[in-house]
Amino acid sequence: MAERRKTVRKKKDPDAPKRSLSAYMFFANENRDIVRAENPGISFGQVGKLLGEKWKALTGDEKVPYETKAETDKKRYEKEKAEYAKKNGA
DNA sequence: CAAGTGATTGTTTCT
DNA sequence: AGAAACAATCACTTG
């Protein structure tokens, strides 16, 4: 039962090592300027949905650069989490 | 050991 | 500043 939680984050750890980004975040970074450039004046609902469709529209090979970054970003989180756990006292 | 759970990430646009 | 569609995530927690 994992429903869609929206920006309604709860309380968490004292340091909150956040997590890492998603391939979508990297992909969106490149699409935001492109999608919006092709659809000048479209509402967020259009870009948002349109983006998601195209996201998968590419192919595992196309999202490769995004996934790659996602992995790197994850490592980033691993570090903060390590420090967080460490300073916590674990 | 295994499973699921929740929290989070970033974009866009809008008020 | 936050909210919602869009997708991934995936490390952490727990029985």
Side-chain angles (χ1 to χ4, degrees):
Chain A
M1 284 128 159
E3 266 170 56
R4 252 343 162 242
R5 207 156 246 88
K6 303 165 218 283
T7 53
V8 57
R9 49 186 68 120
K10 258 187 170 142
K11 189 156 82 69
K12 49 182 169 42
D13 295 291
D15 300 275
K18 324 264 207 227
R19 27 163 330 89
S20 75
L21 273 73
S22 260
Y24 191 90
M25 305 295 101
F26 309 97
F27 153 91
N29 265 276
E30 298 255 306
N31 314 87
R32 88 200 145 171
D33 33 298
I34 291 156
V35 172
R36 201 177 154 214
E38 304 219 301
N39 309 284
I42 67 172
S43 335
F44 151 47
Q46 275 51 263
V47 178
K49 285 173 117 181
L50 183 98
L51 249 160
E53 288 178 53
K54 297 194 161 185
W55 161 237
K56 290 180 185 159
L58 320 160
T59 314
D61 314 286
E62 273 55 56
K63 55 178 232 148
V64 148
Y66 316 105
E67 287 185 318
T68 298
K69 271 208 122 217
E71 284 176 60
T72 297
D73 176 288
K74 180 203 152 290
K75 287 174 186 143
R76 165 111 253 97
Y77 162 88
E78 278 184 57
K79 262 188 0 191
E80 63 180 284
K81 166 189 104 189
E83 280 179 52
Y84 149 81
K86 193 173 172 233
K87 89 188 262 278
N88 254 258

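Here is how names work: the chains are called A, B, and so on, in the same order as the sequence lines, proteins then strands, and each is numbered from 1.
The CG atom of A/Leu21 lies 11.5 Å from the CZ atom of A/Arg76; values are rounded to the nearest 0.5 Å. To the nearest 0.5 Å, the span separating NZ on A/Lys49 from CZ on A/Phe44 amounts to 10.0 Å. Taking NZ of A/Lys56 as the reference point, atom NZ of A/Lys63 lies at 9.0 Å (rounded to 0.5 Å).
C/dA7 atom C1' lies 12 Å from atom CZ of A/Phe26, rounded to whole Å. The distance between atom NZ of A/Lys56 and atom P of C/dT9, rounded to the nearest whole Å, is 11 Å. Between the P atom of B/dT12 and the CG atom of A/Leu50 lies a distance of 14 Å, rounded to the nearest Å. Atom CG in A/Asn29 sits roughly 8 Å away from atom P in B/dT12 (whole-Å rounding). Rounded to an integer number of Å, the gap from A/Glu38 CD to B/dT12 P is 16 Å. The CD-P distance, from A/Gln46 to B/dT11, rounds to 20 Å in whole Å. The distance between atom CZ of A/Arg32 and atom C1' of C/dA7, rounded to the nearest whole Å, is 17 Å. Distance, A/Leu51 CG to C/dA8 P: 13 Å, rounded to whole Å.
DNA chain B is contacted by both A/Asp73 and A/Phe44; A/Asp73 maps to the nucleotide lying nearer its 5′ end (nearest heavy atom per residue). For the pair A/Tyr24 and A/Ser20, nearest-nucleotide mapping onto DNA chain C gives the more 5' position to A/Tyr24. Of the two residues near DNA chain C, A/Glu53 and A/Glu67, the one whose nearest nucleotide lies more 5' is A/Glu53.
Looking only at atom types and distance, the side chain of A/Thr68 has no donor-acceptor partner in the side chain of A/Glu71 under 3.5 Å away.
Using a 4.0 Å heavy-atom distance criterion, A/Ile42 is classed as a sugar-phosphate-only contact.
Between the side chain of A/Arg19 and the base of B/dT9, no donor-acceptor pair under 3.5 Å is found.
Residues A/Gly60 and A/Glu67 share a closest heavy-atom pair of O-OE1, 4.2 Å.
Side-chain proximity of A/Lys49 to the nucleotides C/dA7, B/dT12, C/dC6 is greatest for C/dC6.
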